[in-house]
Each structure stands twice: as structure tokens, then as C-alpha cells.
Visitor: 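Sharing a structure here in C-alpha cells format.
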Amino acid sequence: MTSPQHTETADVVLVGAGIMSATLATLLNDLQPEWKLTVLERLDAAGLESSNAWNNAGTGHSALCELNYAPQASDGTVSATKALNINEQFQITRQLWSSLVENGTLGAPSTFINSVPHISMVFGDDHANYLRARYDAFKPHKLFERMEFTEDREQIAQWAPLTMHGRGAGRVAATFAPEGTDVDFGSLTNQLLRHLGGRGVSIQYGQQVTTLERQSDGSWLVSVKDRLNRDNNRVIRARFVFLGAGGGALPLLQKSGIKEAKGFGGFPVSGLFLRNVDPTITAQHNAKVYGQASVGAPPMSVPHLDTRYVDGERALMFGPYGGFRPNFLKQGSLLDLPKSVRAHNLYPMTRAGMANLDLVKYLLGELTKTRSQRIEALREYYPSAEESQWELIEAGQRVQVMKADKAKGGVLQFGTELVTSADGSIGALLGASPGASTAVPIMLNLLTKCFPAKMSEWEPRIKELIPAYGVKLNDNPGLADEIMGHTASVLGIK
């Protein structure tokens, strides 16, 4: 294709103004300040999709309370391996945020992160025995040494009073991690982008990317439609493109035509939360209380009663209640799912669907739930909840990764997937949780894959921003105390 006469140029184009693009742009602008960066967002402001505070649970995912990160094996044992990896990633994120607070990039920590203990709570003998086994597997590790376990109801009532109000008989077990956090990723995203705008990064709203075409020199022609001014439609030639558009990244990745995108599909899952903003209730609960997922439920549907801090106001959320809509973005098209089906991903998607019929059954059950049934689920965690105090809100769309698998034909993956071209000229992030909490290590991984020749030059600066870069804190107790103590002090984490 011949380049149009009025083609703009950029070193890097980032599609989507969410936490992922904001994080990558922050790193690149610091490491290579002379590069021209352009952020394109189809909506009218930043962080309105999955990064918006009410579109996610705000959990600083560090595997302190999320039980799905430590499944029990058939022999009854529990491994801390996956949980440790996720916690290590969040420690990297904490280090960058701390550096950005100290250098003035970010404002007061309380505007985006607050100390909220993380609690796992389960009911009945089998689940209580599992939680004890999980605690025993976690406690010896440095990153989980502060965790406590109890079956004492009075102790649980001190940790999370609302969960014990009016609770009947039966075995209850809980773990408590004081270093847990609540994060307003929408506020964080907007702060990062405002700072970048002040440093010359071009951040453009109402701009929808329609096509991507790779050129013979390895650059990309990014066609952009101005949703407010048709006369401003244009093409941007970029040396590197990042697709960080949440559920919208998959269709754009498919349009790129890179072979690495073959076999990928997506399955959208929507969610609803109950929200309570009554100060007399919210003041009684300062914790994120996670339970066990229902059979067939995706990990993102683990029930949890959460303290939230959004725009300085405290609220409670309970959910999520799963649902299904075929759009890949909350403000997307109902045709997103059918239009994403290709010859190369039809078989993997079909095989993944057949292997996850329990998920389909779960979603059908969730779709037919009445308000009274949703309140009943809430009362398992907050027995004395008053129905009139809770409003139902719609959360963001999550697109779970479906991909080809040699052994199974296709698998449904609950997590994130970084897809990059062999030449490193384009990268995309697919998937969901723990997503935002691990944005920093994911973007560092992207830099390693897409800019290998620059990493030796960039590494000294990366280590200034992230002092324990490349080091496992769990294996270095002294360094862990130093780093975690410092980031906790800077960010106001207990």
C-alpha cells in the first residue's frame, strides 16, 4: 500500500487509554523521552472501560485472598507457586508506583490506593480444611508471612464485623492479610495520562482505529477514524504499535494479520455488582472478603464483599453476578463475538466451548437470577444485609482468552496473554484478571520481547524506578523487608 500524502508519524502508537497503555507509555516516555508517543482512545475520556473503578473490583491482586490462585490437588495438597508469582508481580507494580509518587508523576497515594486488608472466608468442613491447608502452604513464605488463620468467630468479627452479624451455626474459617489494598485504577490511569500529556505525549480521544497494515520496512500504517469530525480521519505511520484496548484488542490483533494471532479467540463475560454507599454501613467494614467460586464459575466470578474507595468516597460492593453479552467492550457492539470468528480460531473456540459446558450452565443460571436471589447470595457473606440499601450496577466486560492447544484442540484461559510479533513491531494484551494489578511486570515483559536491543541500555533506569527488578523478593528476605517496607511507607499500606 502506498502511504497517503498526509500520513502522520509516530514512534509508538498505543491503542486504548486504559491502565495498560498508560503504564507502557509512562515507562517508554521515561526510558526514551525523545520518542514521539501517540495514545488513541475511541471514547471521550481515559479509563472508561475495564480501568474504571466501578467496572472492576479494585483489588490489588497479590494472591492474598484469591483462592482460585491456589487450587487443591487431588491428594489434598495446595501449592503456593502461582500465588507467589502473582504476589511478586504486584510487588514490582508497587515499586514503580512508589517511585512515581516520589518523583511527582502521581499525586497523593490515597487518590488511587488505600490500605484494605484481604480476607479469605469459607464455610463448611471441606472448605475450612482446604483453607487451613492453603494457609499452611503459604505461611512459610516470606511474601505471606503476615497472614493469619482462624476459625474463631470473635476474631473474624474483629476483622470483618458485617460478616458475623446475624450469622447462624456452622463452621467458618478465614485468613487475614493486613497488607491488602484497594486500587482505583481509573484515577491512576487518568493521573498517568495527565502527566504524560504535560510531557508532550499526544493523547487523543474520540479516535477509533479501523485498520492496521504492516509495511515492507516493518512499520505500521494505523488508519484512524475521528468519531466527532469525519474530516479529521487520517493515517499514522508508527514504528511500534501496542494494542491495549481491553476486549477491543482481539479484533485489532486479528486485523494486523500477524501469524502469532492465529488460533486466538475470545469469550466475553459480563458482570453485575450490588453497591452500598450508606456511610453507617460502609464505616463498619474495611476489608475485601473473598470466598470460593461456584462450580463452573470463572475465577473473575469469585464472590467477594469489598470495601472500595472511589473519588475519596467509601463504598461496599458485592458480587460479581455473571452474565453474558456478545460485545467485547461495555460500550461495544453486539456483533463483536460473531465478527471475531475466523477459520483459524473456529475449531479452538469450539473445542474450548465443549470443554467448558459447566461455565455455560453457570452463566445461564446467573442470567435467570432474580433480585431476591442475588440478595440471598449477599447474605451468605453479610447475613443481616438490608435489601433496600443495595443498588445493582453493571461492571465492565471481560473477554477470556480462547486459544489453540495441541493436546486439547482449544482451551479457555482465565488470565492474561501477551501476544507479540516475531519482529517486535506490534504487541497486544488479551484476557482479564489479575490484569491491572500486574500491568507493570506485563509491560516490562513486553519491552523485553519487543525491544530486546534496548534493554541493556534501559536496565539501569528501570532499576532506579524498580529497585528489585529481576530479583525474587520471596527468595531474599532482607531485601523483601527493605523494599516492601519502603513501598508500604510511600503508598500508605499497612
Visitor: Between Met317 and Leu274, is any pair of side-chain heavy atoms under 4.5 Å apart?
Guide: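 SC-SC contact between Met317 and Leu274 ruled out.
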Visitor: Scan side-chain atoms only and decide if Tyr321 and Arg374 contain a donor-acceptor pair under the 3.5 Å cut-off.
Guide: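 No - no donor-acceptor pair under 3.5 Å links their side chains.
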Visitor: How would you list, by chain and number, every residue that makes a ring pair (Phe, Tyr, Trp, His ring centres under 6.0 Å) with Phe185, sequence neighbours excluded?
Guide: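 Result, ring pair (Phe, Tyr, Trp, His ring centres under 6.0 Å) vs Phe185: none returned.
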Visitor: Under 6.0 Å between ring centres, would you say that holds for Phe451 and Phe240?
Guide: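 Under 6.0 Å, so yes.
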Visitor: Testing the 3.5 Å rule here: is there a donor-acceptor pair between the side chains of Ser51 and Glu49?
Guide: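 No - no donor-acceptor pair under 3.5 Å links their side chains.
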Visitor: Counting heavy atoms not belonging to Asn229, are there more than 12 under 6.0 Å from its CG?
Guide: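 Buried by this count: over 12 neighbours within 6.0 Å.
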Visitor: With distance as the sole test, does Gln400 use its side chain to make a donor-acceptor pair with the main-chain N or O of Gly431 at under 3.5 Å?
Guide: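 Not a single qualifying donor-acceptor pair exists.
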Visitor: Hey, does the side chain of His285 reach the backbone of Ala287 with a donor-acceptor pair shorter than 3.5 angstrom?
Guide: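 Flag set: sc His285 to bb Ala287 pair under 3.5 Å.
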Visitor: Roughly how far, to the nearest 0.5 Å, is the CG atom of Asp44 from the CG atom of Leu228?
Guide: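 These two atoms lie 6.0 Å from each other.
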Visitor: Throw together a table of side-chain donor-acceptor distances under 3.5 angstrom for residues 487-494, partners on residues two or more places apart or in other chains.
Guide:
from   : atom 1 : to     : atom 2 : distance (Å)
Thr487 : OG1    : Arg94  : NE     : 3.2
Thr487 : OG1    : Arg94  : NH2    : 2.9
Thr487 : OG1    : Ile483 : O      : 3.3
Thr487 : OG1    : Met484 : O      : 3.2

Visitor: Determine, step by step, whether Ile203 and Leu40 satisfy the side chain to side chain contact (heavy atoms under 4.5 Å, CB included) criterion, reporting the C-alpha distance in whole Å, the side-chain angles of both residues, the deciding distance to 0.1 Å, and the verdict.
Guide: CA-CA 6 Å; Ile203 303 167; Leu40 302 172; over 6 Å; no
Visitor: Does the side chain of Arg461 come under 3.5 Å of the side chain of Gln32 through a donor N or O and an acceptor N or O?
Guide: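 No pair is found: no donor N or O on one side chain lies under 3.5 Å from an acceptor on the other.
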Visitor: Looking at Ala57, is its backbone amide N or carbonyl O close enough to the side chain of Lys288 to form a donor-acceptor pair, meaning the two atoms are under 3.5 Å apart?
Guide: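 Indeed, once roles are kept as given, a pair shorter than 3.5 Å links the two residues.
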Visitor: Can you tell me if Gln413 uses its side chain to pair, donor with acceptor, with the backbone of Gly415 under 3.5 Å?
Guide: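 No: the side chain of Gln413 does not pair with the backbone of Gly415.
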Visitor: Whether the Gln91 and Gln95 side chains hold a donor-acceptor pair (N or O, under 3.5 Å, no angle test) is what I'd like checked.
Guide: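 Note: Gln91 and Gln95 side chains miss the donor-acceptor criterion.
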Visitor: Will you find, in the side chains of Gln397 and Ser50, an N or O donor that is under 3.5 Å from an N or O acceptor?
Guide: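 Judged by distance alone, the side chains do not pair up.
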Visitor: Does Arg379 count as lying over the ring of Tyr381, i.e. NZ or CZ under 6.0 Å from the six-ring centre, within 45 degrees of the axis?
Guide: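 No, a cation-pi geometry is absent between Arg379 and Tyr381.
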Visitor: Hey, mind stepping through Arg308 and Glu313 against salt bridge (charged side-chain N to carboxylate O under 4.0 Å, His left out) and telling me if it holds?
Guide: CA-CA 8 Å; Arg308 299 301 317 276; Glu313 299 295 325; over 6 Å; no
Visitor: Could you walk me through whether Arg237 and Glu8 pass the salt bridge (charged side-chain N to carboxylate O under 4.0 Å, His left out) check?
Guide: CA-CA 6 Å; Arg237 181 186 289 272; Glu8 299 175 15; over 6 Å; no
Visitor: Does the cation-pi check pass for Arg239 over Trp220, that is, NZ or CZ under 6.0 Å from the six-membered ring centre and within 45° of its axis?
Guide: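 No, a cation-pi geometry is absent between Arg239 and Trp220.
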Visitor: Could you verify whether a donor N or O on one side chain and an acceptor N or O on the other, from Glu376 and Ser372, lie under 3.5 Å apart?
Guide: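 Their side chains do not contain a donor-acceptor pair, so the 3.5 Å distance test is not met.
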Visitor: For Asn55, give me all partners under side-chain contact (heavy atoms from CB on, under 4.5 Å), at least two apart in sequence or on another chain.
Guide: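 Applying side-chain contact (heavy atoms from CB on, under 4.5 Å) to Asn55 gives Asn52, Lys330.
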Visitor: Measure up the His304 and Tyr290 rings against each other and bin them: parallel (under 30°), tilted (30 to 60°), perpendicular (over 60°).
Guide: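 Parallel.
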Visitor: With the side chain counted from C-beta on, respond yes when Tyr469 and Ile92 share a heavy-atom pair under 4.5 Å apart, and no when they do not.
Guide: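 Heavy-atom side-chain distance check fails, nothing below 4.5 Å.
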Visitor: Okay, side chain of Asp336, backbone of Ser333: is any donor-acceptor separation there less than 3.5 Å?
Guide: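 Yes; judged by distance alone, with no hydrogens or angles, the pair exists.
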Visitor: Do Leu253 and Ile258 come close enough that some side-chain heavy atom pair is under 4.5 Å?
Guide: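 Yes, their side chains come closer than 4.5 Å.
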Visitor: Under 4.0 Å between a Lys/Arg side-chain N and an Asp/Glu carboxylate O for Glu394 and Arg325?
Guide: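 Between Arg325 and Glu394 there is a salt bridge, with a charged N closer than 4.0 Å to a carboxylate O.
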Visitor: Tell me if a side-chain donor or acceptor on Thr23 pairs with a main-chain N or O of Ile19 at a distance below 3.5 Å.
Guide: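 Checked: pair present.
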Visitor: Main chain of Ser340, side chain of Gln254: is a donor-acceptor contact present, judged purely on distance under 3.5 Å?
Guide: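 It does hold such a pair.
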Visitor: Ignoring hydrogens and geometry, is there a side-chain-to-backbone donor-acceptor pair from Thr93 to Ser437 under 3.5 Å?
Guide: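 Such a contact is found between Thr93 side chain and Ser437 backbone.
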Visitor: Is the side chain of Ser99 donor-acceptor paired with the backbone N or O of Leu465 at a distance under 3.5 Å, no angle test?
Guide: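 Checked: pair present.
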Visitor: Side-chain contact, heavy-atom cut-off 4.5 Å: Glu179 with Leu64?
Guide: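 Touching, per the 4.5 Å side-chain cut-off.
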Visitor: Using only atom types and a distance under 3.5 Å, with no angle test, would you say the side chain of Gln373 pairs donor to acceptor with the backbone of Thr370?
Guide: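 Checking the backbone N and O of Thr370 against the side chain of Gln373, a donor-acceptor pair under 3.5 Å is found.
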Visitor: Walk me through it: do Leu378 and Leu305 pass the test side chain to side chain contact (heavy atoms under 4.5 Å, CB included)?
Guide: CA-CA 8 Å; Leu378 165 65; Leu305 179 64; 4.2 Å; yes
